[in-house]
Amino acid sequence: MGKQVKNCWIALALIFWQLLSGCSSSDDDTPDVALSDISGVWLEYAYLCSDGYFVDISDTGDCIYFDFARPNTFNQYTINDGQKEMSMQGTWTFNPETSMASIKEPRGWDLEISFTFKDANDATLYIKGKTDNQTRTIKAKRISQ
């Protein structure tokens, strides 16, 4: 009798384990990578200078905007005299496991942007581009989603 009870418990444990592991959803409509983690407009408010500290530029008007629009359109621009001046356009993907965004630009000036989040709307961005001018570290705040 004791052996039968033990076997029942083992069988129940195995059934329970199969139920738990079978609960993950795999809908074809659900993207593998959640784009919403960084979507929105991010405004640069400081940059890392060559002396190793961040320079606050939030009140200078020289800030760069990074627009990660859904589903995957990317725009980088400044605003001068109330007008957007585009410096880069393309598409983006984001891997939440690595906090890395990949920007594909039609002319080949692709970027890799690594996010270190202070909170959901404040992050340090490590931007790696094809040239030294594109490669930089900034602090940015999400100003819209």
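Because the structure is predicted, anything quoted here is derived from the model rather than measured. Hydrogens, waters and symmetry mates are skipped; everything else that's a heavy atom, side chains included, is used.
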### Query
Is there a donor-acceptor pair under 3.5 Å between the side chain of Asn75 and the backbone N or O of Gln89?
no
### Query
Measuring from Lys128:NZ to Ser114:OG, what's the distance to the nearest 0.5 Å?
12.0 Å
### Query
Is the side chain of Ser87 donor-acceptor paired with the backbone N or O of Gln76 at a distance under 3.5 Å, no angle test?
yes
### Task
Examine distances only and state if a side-chain atom of Arg142 and a backbone atom of Ala123 form a donor-acceptor pair shorter than 3.5 Å.
no
### Query
Between Thr60 (side chain) and Ile57 (backbone), is there a donor-acceptor pair under 3.5 Å?
yes
### Query
Looking at the rings of Phe54 and Tyr47, which for Trp means the six-membered one, are their centres under 6.0 Å apart?
no
## Note on the structure
In this structure, CD1 of Ile38 is separated from CD of Gln145 (nearest 0.5 Å) by 11.5 Å
### Query
Atom OG in Ser99, atom CG in Asp37: separation rounded to 0.5 Å?
8.0 Å
### Query
Taking all atoms of both residues into account, what is the closest heavy-atom pair of Thr135 and Gly129, and its distance?
OG1-N, 3.0 Å
### Task
Determine yes or no for a side-chain-to-main-chain donor-acceptor pair under 3.5 angstrom, with Asp51 supplying the side chain and Tyr53 the backbone.
no
### Message
Side chains of Asp119 and Asn121, heavy atoms from C-beta outward: is any pair under 4.5 Å?
### Response
yes
#### Entry: Side chain to side chain, Ile143 and Trp42, heavy atoms closer than 4.5 Å
no
### Query
Does any donor atom in the side chain of Asn133 or Thr131 lie under 3.5 Å from an acceptor atom in the other side chain?
no
### Query
Same cluster for Leu43 and Val41 if Ile/Leu/Val/Met/Phe/Trp/Tyr side chains link at under 4.5 Å?
yes
### Query
Cluster question for you: counting only ILVMFWY and a side-chain heavy-atom cut-off of under 4.5 Å, with indirect links fine, are Phe115 and Phe74 together?
yes
### Message
Would a single hydrophobic cluster contain both Ile138 and Ile64, if residues Ile, Leu, Val, Met, Phe, Trp and Tyr are joined by side-chain heavy-atom contacts under 4.5 Å?
### Response
yes
### Joint hydrophobic cluster, Tyr65 plus Ile127, side-chain heavy atoms closer than 4.5 Å
no
### Message
Can a donor-acceptor pair be found, under 3.5 Å and without considering hydrogens, that links the side chain of Glu44 to the backbone of Cys63?
### Response
no
### Task
May I ask you to check whether over 12 heavy atoms, not counting those of Asp56, lie within 6.0 Å of atom CG?
yes
### Message
Show, in sequence, the C-alpha distance, side-chain angles and deciding distance for Asp67 and Tyr77, and conclude whether the side chain to side chain contact (heavy atoms under 4.5 Å, CB included) test is met.
### Response
CA-CA 8 Å; Asp67 185 0; Tyr77 58 90; 4.0 Å; yes
### Exam field: side chain Arg136 to backbone Gln134, donor-acceptor pair closer than 3.5 Å
yes
### Query
Atom CD in Glu105, atom CG in Asp110: separation rounded to 0.5 Å?
7.0 Å
#### Entry: Worked check of side chain to side chain contact (heavy atoms under 4.5 Å, CB included) between Ile103 and Thr91
CA-CA 6 Å; Ile103 311 301; Thr91 60; over 6 Å; no
### Task
Determine whether the side chains of Tyr45 and Asp122 contain a donor N or O and an acceptor N or O closer than 3.5 Å.
yes
### Task
Grab the two heavy atoms, one from Gly90 and one from Pro106, that are nearest each other, plus how far apart they are.
CA-CD, 4.2 Å
### Query
Quick one: does Trp92's side chain have a donor or acceptor within less than 3.5 Å of a partner on Thr73's backbone?
yes
### Message
Tell me if the CD atom of Glu85 is crowded by more than 12 foreign heavy atoms within 6.0 Å.
### Response
yes
### Task
Give a yes or no on whether Phe66 and Trp109 share a hydrophobic cluster (residues Ile, Leu, Val, Met, Phe, Trp, Tyr; joining criterion: side-chain heavy atoms under 4.5 Å apart).
yes
